[in-house]
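Beneath this line is the structure, given in structure tokens, with notes to follow.
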Amino acid sequence: MSPDEIQKLVILAKRGDKKAFGVLYRHYFQRIHRYCRVHLFQDELAKDVCQEVFLRAWKALANFKVDTGGTFQAFLFTVARNLIIDLSRKKKELSLHMFTTLVADESLEEQFDTINSRTELRRVLAQLTDIEREIVILRYFEELRHNEVAQIIGIAEGTLRVRIMRILRKLRSKLKP
Amino acid sequence: MKQSLAAFLVKLKRQYFSDQISKSEIAQSWELLEKRLPAARPVVPRWYNYQYVFAGVSVVMVLLVALVVLTSNTQALGKLKTAIRSALGIPNETALSPIDSTATSSSTRRAPNSQPFAKNQPQDATNSAGVGGFDILKIFEKKPAQ
């Protein structure tokens, strides 16, 4: 779907067109779900949170400005990030620090589906700070632009570039020989 | 041989993208969500926002009042002053306006040969602003025609 098409759908959705929002939902659900899952580690919970993200996005759509450079995907990821942070504050078991806990306690692995296929991903992400993890996911996995990532995380674009350099240096040092 | 960083990130990305959700599952979840979506609020253009309209109307009203006050005649101003004074419980205007030529009270009039009031000293201790104060109502007063 081209950016123009997405913009048209967003404008329609802002006017209350649920069908247009449905098209956006089908287009972005997979990405938002992946993002939620990598933070929450549970598929079913990630699906519920993902639905909540779109519900909140629908309610906040009136405040989203199409013409100010902000993209709809950045808007969705921001809503998702805020929701995950809210959840992590409410429930400690959903904390973003879960990565660290999980790595320390290998016996918990059995609780998660297809965990073996993501063990290395989990191990690497566990070695990063919250912000660094967000940057790696959004920039290198979701392939968002620098300005979008900076907008989602709430830092300046220049700061983001510096952080990316540090993250890459950190990851390079952790590569297995 | 040490693996390259790019290859490492690609490997991680592949793990990140594992377990895709089927389209039918997404469609199903949309049907559930569609029922929960409330009716959208109408998008109100910024200029039509009631706060801005209210602020604009308030500014226009203040400007109009200021215009009326500044351009109105002395008689109307006098009435306004009287109304303000009576509302504030301040004594009659004629007793407080030594520079008003229309005032008839001789008690407040200064003799032509008397010394002028010292600078920064109140002309009348009983004026509305008190000793050493500034009488706001004097702004409205017009000097007598020469």
Side-chain angles (χ1 to χ4, degrees), chain A residues 11 13-19 21-31 33-35 37-38 43 46-48 50-55 57-59 61-65 113-114 116-125 136-137 139-143 168-169 171-177, chain B residues 1-70:
Chain A
I11 291 167
K14 271 169 78 80
R15 290 177 189 158
D17 188 338
K18 289 185 181 178
K19 282 185 181 175
F21 191 70
V23 177
L24 291 168
Y25 181 87
R26 288 185 202 97
H27 184 68
Y28 285 111
F29 186 88
Q30 195 82 258
R31 300 181 72 180
H33 176 259
R34 272 198 305 263
Y35 179 77
R37 190 188 58 198
V38 83
D43 274 351
K47 280 176 195 164
D48 292 344
C50 195
Q51 275 215 339
E52 192 62 32
V53 168
F54 280 92
L55 187 63
W58 170 259
K59 288 176 183 171
L61 208 53
N63 302 326
F64 174 69
K65 293 176 189 70
D113 304 329
T114 59
N116 288 333
S117 65
R118 296 197 289 265
T119 306
E120 192 169 16
L121 172 70
R122 200 157 54 84
R123 183 183 62 78
V124 172
L125 293 179
V136 169
I137 292 167
R139 179 76 189 106
Y140 291 103
F141 300 164
E142 291 296 343
E143 295 182 350
L168 293 180
R169 203 178 300 144
L171 287 176
R172 200 173 281 124
S173 69
K174 292 184 188 304
L175 285 177
K176 289 176 185 174
Chain B
M1 191 182 149
K2 203 173 181 176
Q3 69 181 133
S4 73
L5 182 62
F8 180 60
L9 282 170
V10 168
K11 190 178 164 186
L12 290 181
K13 189 176 174 181
R14 206 171 294 137
Q15 289 183 14
Y16 176 79
F17 274 75
S18 64
D19 297 336
Q20 299 276 340
I21 296 181
S22 66
K23 285 187 177 178
S24 61
E25 211 174 339
I26 295 172
Q28 208 176 341
S29 72
W30 166 246
E31 281 172 18
L32 287 172
L33 181 70
E34 196 176 9
K35 292 170 192 166
R36 292 173 65 199
L37 291 182
R41 285 181 297 163
V43 180
V44 182
R46 202 169 181 83
W47 61 268
Y48 195 67
N49 236 334
Y50 72 94
Q51 294 100 325
Y52 293 94
V53 173
F54 181 76
V57 169
S58 304
V59 169
V60 170
M61 289 293 283
V62 168
L63 288 174
L64 272 175
V65 168
L67 194 70
V68 167
V69 166
L70 291 173

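Convention: sequence-line order gives letters A, B, ...; per-chain numbering from 1.
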Side chain to side chain contact (heavy atoms under 4.5 Å, CB included) partner of Leu33(B), chosen from Glu52(A), Lys18(A), Gln51(A) | Gln51(A)
Please list, chain by chain and in numerical order, all residues satisfying ring pair (Phe, Tyr, Trp, His ring centres under 6.0 Å) with Tyr25(A), sequence neighbours excluded.
-> Phe29(A), Phe54(A), Trp30(B)
Between Val136(A), Leu61(A), Leu168(A), the one whose heavy-atom pairs under 4.5 Å with chain B are most numerous | Leu168(A)
Side-chain contact test, heavy atoms from C-beta onward, threshold under 4.5 Å: evaluate it for [X] versus [Y] and give yes or no.
X: Leu9(B); Y: Leu171(A); value: yes
X: Phe17(B); Y: Arg34(A); value: yes
X: Val124(A); Y: Phe8(B); value: yes

Arg123(A) CZ to Leu12(B) CG distance, which is reported to the nearest 0.5 Å = 8.5 Å
By a 4.5 Å heavy-atom criterion (distance strictly below it), what part of Glu25(B) contacts chain A: side chain, backbone, both, or neither?
-> side chain
Proximal component of Phe64(A), with respect to chain B [non-hydrogen, under 4.5 Å] = neither
For Ile21(B) and Gln30(A), which heavy atoms make the closest approach, and how far apart are they?
-> N-OE1, 2.8 Å
Considering all heavy atoms of both residues, which atom of Glu142(A) and which atom of Tyr16(B) are nearest to each other, and what is their separation?
-> OE2-OH, 2.8 Å
Heavy-atom neighbours of Gln28(B) CD exceed 12 at 6.0 Å | no
